[in-house]
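Scroll down for the structure; my scribbles are underneath it.
The chains referred to below are lettered A, B, ... by the order of the sequence lines, with proteins before strands, and numbering in each begins at 1.
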Amino acid sequence: MYSDYVKSDSRSFESDKQFITAPIYYVNGSPHLGHLYTSVAVDILHRFALLFGESFFSIGTDEHGQKVEQSAQRNKCETQDYVDSMYIEFYKLMNAANIKYDAFVRTSSKKHKDNVLNFWDKLCKKGDVYEGAYSGWYSTRDEQFYSEDEVSDGANGKIAKISNSPVEWLEEKCMFFKLSKYQNILLDYYKKNKDIIKPSSRYNETIGMLEAGIPDLAVTRSRFSWGVSCGEGQVIYVWVDALSNYITAMENNVDYWINDMIHIIGKDILKFHAIYWPALLLSADYALPKRIYAHGWWTVNKEKMSKSLGNVIDPFEILNKYGIDQLRYCIMKEMSFGQDGDFDHERIKNRINTELANVIGNLTQRILSFVWKEYEETLEINSIDENDYELLKCWDECLENSYSAMKEQQIHVYLEEVRKAAAKTNQYVDGAAPWKCDDANKRRILSVGIECIKRMALILSPVMPEMSKKILNILGCEINIDSWFKSINYRKLDKPSPLFSRIIG
RNA sequence: UGCGGGAUAGAGCAGCCUGGUUAGCUCGUCAGGUUCAUAACCUGAAGGUCGUAGGUUCAAAUCCUGCUCCCGCAACCA
């Protein structure tokens, strides 16, 4: 019966590929919870996709711009030395959080700068870049020009309405990108492809911005030099520089990955990814992204996370405090992907104790230690009854539902599916009560239990790689989806120890 | 003025796009059960007129309109 079950339930999942990107982080400040969150989210989406097919994951650091230059000056060091030291912080975070990227792009690297010039060249050849003299209100802080109706009188002179940052009247020669040319093209495109920008509220926002009209973009700066020079004392606009990191990441495989770009971004950089970037891509004759997903922001105990409030969460500190796997799980479970969420130590603790220690950890422990105590040899499933079948079926559904949720970047839905299946398994063990059974039934029940543990470890491997590795090593399983339908093959177990310890106090 | 997000049991959320089972879930509370397991696990109960007023519909938490309240829109910044 079990072999029939395996046969009838083996299904092939669509094996496609994706090029998934995290933003490149601005090195003007230290890493915080937000950087950790974005990185982990993309890492999970990446690792999940890897179970079924191909995925390429890029991330990096944005190291150019006037503010970086100024920070370096304040710290009295060479700009390159300054960005090197900041880069290290982000690099460390990747290791500390077990982020398995394929490419880490530093915008100050030669490779990237060459690529930016190459990209720039394409825009110029297309005839989308023209020289103009810009006169307008310039904000150093925003690194941006504003028009007359975008500024107002502040206490100490003119300020930009949108950001309240001081502006000064400036006339400078610079190059423009014909962004307006792409306004209607993008509008049409998005209206025909409503599922590119997610969540849908961000789609609406983008349509709104496009309908409001987008003027041509000043894409060079001459007020500072820390960037990619395009001649005559001009430096390429940071966003043109930064966005093209995605091309740099693909190196020689642009043709291979370009059709499968999935950008995961914070909601603050929607405009750059949903409008500027696609326009630039069109200009350079590249394919457009197939998904742009903007996630929400963290508050801390319901307050905005900010330096002045002094409530910025240090990612290294909490990783160290709660554990890597635990924290990866908790921050993803804490908010619906796309919505804002709140960080609260009490809730993290609570979640670790209940969902991880009590449900997932304890379930694993009660089955493994039972088997460890009673059996010397392999426990394979050979016959199953109705209840066993129902339970295994439930895990298959979990797999399918998780798969479709993750196709839509619904990480929280996937995690909830797994938690539900784990709870079902606990119910099953209680109902079957193997501790009361004769040997044949005990073997049957525990073999099913082991199978469930294997599946749970497999499907959670994108979120908690270390925990999964620990279990799957015992059971002799590879981390790919074939293992789901392959029976396990293990020796006498080592004495199992709890996966997650409870946090007391 | 404006833009965006939100309002669902004591707390935190899902569901809303693609209206249709007794509106779900987690935590907490209360009462049982169980002992394989990390004082864990299982069962059951109490607790919501889904912010408000209308509209569309055979049917609305779900679609439409008005209103009220809350959060964000200085800097850092995912």
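Between A:Tyr37 and A:His295, the distance separating the two ring centers is shorter than 6.0 angstrom. The six-membered or imidazole ring of A:Tyr375 lies away from that of A:Phe370, with a centre-to-centre distance of 6.0 Å or more. Less than 6.0 angstrom separates the ring centroid of A:His35 from the ring centroid of A:Tyr25. Ring-centre distance between A:Trp239 and A:Tyr276: not below the 6.0 Å cut-off. Ring to ring, A:Tyr246 and A:His263 are close: their centroids are under 6.0 angstrom apart.
When each of A:Gly341 and A:Arg202 is assigned the nucleotide of RNA chain B with its nearest heavy atom, A:Arg202 is the one assigned upstream, toward the 5' end. Along RNA chain B, the nucleotide closest to A:Leu356 and the one closest to A:Gln410 are compared, and the more 5′ of them pairs with A:Gln410.
The gap from the C1' atom of B:U38 to that of B:C77 amounts to 40 Å, rounded to the nearest Å. Comparing the same atom, P, in B:C30 and in B:U68 gives a spacing of 42 Å after rounding to whole Å. Here, B:C69 and B:A53 have their C1' atoms 15 Å apart, quoted to the whole Å. Comparing B:G28 with B:C64, their C1' atoms are spaced 38 Å from each other, to the whole Å. Nucleotides B:C36 and B:A9 place their C1' atoms 35 Å apart, quoted to the nearest Å. Spacing between B:U56 and B:A14 at atom C1', rounded to whole Å, works out to 27 Å. Comparing the C1' positions of B:A74 and B:A11 gives an interatomic distance of 32 Å, to the nearest angstrom. Distance check on atom C1': B:C63 versus B:G2 gives 26 Å, rounded to whole Å.
Of the candidates B:U35, B:C41, B:A78, the closest approach to any side-chain atom of A:Val359 belongs to B:C41. The side chain of A:Asn362 lies closest to B:A40 when the candidates are B:A40, B:G72, B:G5. Considering only side-chain atoms of A:Glu205, the nucleotide from B:G4, B:A37, B:A78 that sits closest is B:G4. Nearest nucleotide to the A:Pro498 side chain, out of B:C73, B:U43, B:U38: B:U38. Closest to the A:Arg502 side chain, of the nucleotides B:C27, B:G4, B:A40, is B:A40. Of the candidate nucleotides B:C41, B:U34, B:A78, B:C41 has the atom lying nearest to any side-chain atom of A:Asn358. The side chain of A:His35 approaches B:C77 more closely than any other nucleotide in the set B:C77, B:C42, B:U26. If you check B:C25, B:A37, B:C42 against the side chain of A:Asn426, the one that comes closest is B:C42. Comparing B:C13, B:G72, B:U38 by their nearest atom to the side chain of A:Ser336 picks out B:C13. Side-chain proximity of A:Thr354 to B:A78, B:C27, B:C36: nearest is B:C27.
Using a 4.0 Å heavy-atom criterion, one finds that A:Leu499 contacts the bases of the nucleic acid, with or without backbone contacts as well. Among the heavy atoms of the strands lying under 4.0 Å from A:Glu416 are primed sugar atoms or P, OP1, OP2 only; no base atom is included. Looking at heavy-atom distances under 4.0 Å, A:Lys267 makes no contact with the nucleic acid at all. Residue contacts for A:Thr299: at a heavy-atom cut-off of 4.0 Å it reaches no nucleic acid atom on any strand shown. Counting non-hydrogen atoms under 4.0 angstrom, A:Phe500 reaches a base of the nucleic acid. If you check every strand for non-hydrogen atoms under 4.0 Å, A:Lys420 touches nothing. When heavy atoms are screened at a 4.0 angstrom cut-off, A:Asp342 is found touching no nucleic acid atom at all. Within 4.0 Å (heavy atoms only), A:Met335 reaches no atom of the nucleic acid at all. Contact annotation for A:Arg351: no contact, since no heavy-atom pair falls under 4.0 Å across all strands. Note on A:Ser306: a base of the nucleic acid sits closer than 4.0 angstrom, heavy atoms only. Contacts of A:Lys67 with the nucleic acid, taken as non-hydrogen atoms under 4.0 Å apart, involve only primed sugar atoms and P, OP1 or OP2. Counting non-hydrogen atoms under 4.0 angstrom, A:His32 reaches a base of the nucleic acid. At the heavy-atom level, A:Gly266 lies under 4.0 Å from the strands shown only through sugar-phosphate atoms.
Here B:C3 presents its P atom at 14 Å from CE of A:Met209, a figure rounded to the nearest Å. Per the geometry, CD belonging to A:Gln339 stands 12 Å off C1' belonging to B:A7, to the nearest Å. Atoms NZ (A:Lys271) and P (B:C73) sit 18 Å apart, rounded to a whole Å. Distance A:Arg347 CZ to B:C27 P: 14 Å, rounded to the nearest Å. Regarding A:Lys302, its NZ atom lies at a distance of 11 Å from the P atom of B:A11, rounded to whole Å. Residue A:Lys333 contributes atom NZ, which lies 13 Å from atom P of B:C25 at whole-angstrom precision. In this structure, the NE2 atom of A:His295 is 15 Å from the P atom of B:C77, given to the nearest Å. The nearest whole Å value for the distance from the CD atom in A:Glu417 to the C1' atom in B:A14 is 12 Å.
Residue A:Lys424 qualifies as open at atom NZ: its count of foreign heavy atoms under 6.0 Å is 12 or below. More than 12 non-hydrogen atoms from other residues, nucleotides or ligands lie less than 6.0 angstrom from CG of A:Asp439.
Residues A:Glu451 and A:Lys454 are paired through a salt bridge, judged by an N-O separation under 4.0 Å between the basic side chain and the carboxylate. A:Arg291 and A:Glu408 are joined by a salt bridge, as a carboxylate oxygen and a charged side-chain nitrogen come within less than 4.0 angstrom of each other. The existence of a salt bridge linking A:Arg444 and A:Asp388 is confirmed by a sub-4.0 Å separation between a basic side-chain nitrogen and an acidic carboxylate oxygen.
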For RNA chain B, what is the dot-bracket line, given that a base pair needs Watson-Crick (N1 to N3, plus N6-O4 or O6-N4) or G-U wobble (N1-O2 and O6-N3) geometry with both distances under 3.5 Å, and | means paired with another strand?
.((((((..((((......[...)))).(((((.......))))).....(((((..]....))))))))))).....
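Ring-to-base geometry does not place A:Phe370 in a stacked arrangement with B:C36 (centre distance under 5.5 Å, plane angle under 30° required).
Figure legend: cation-pi geometry between A:Arg106 and A:Tyr87, with NZ or CZ positioned under 6.0 Å from the six-membered ring centre and within 45° of its axis.
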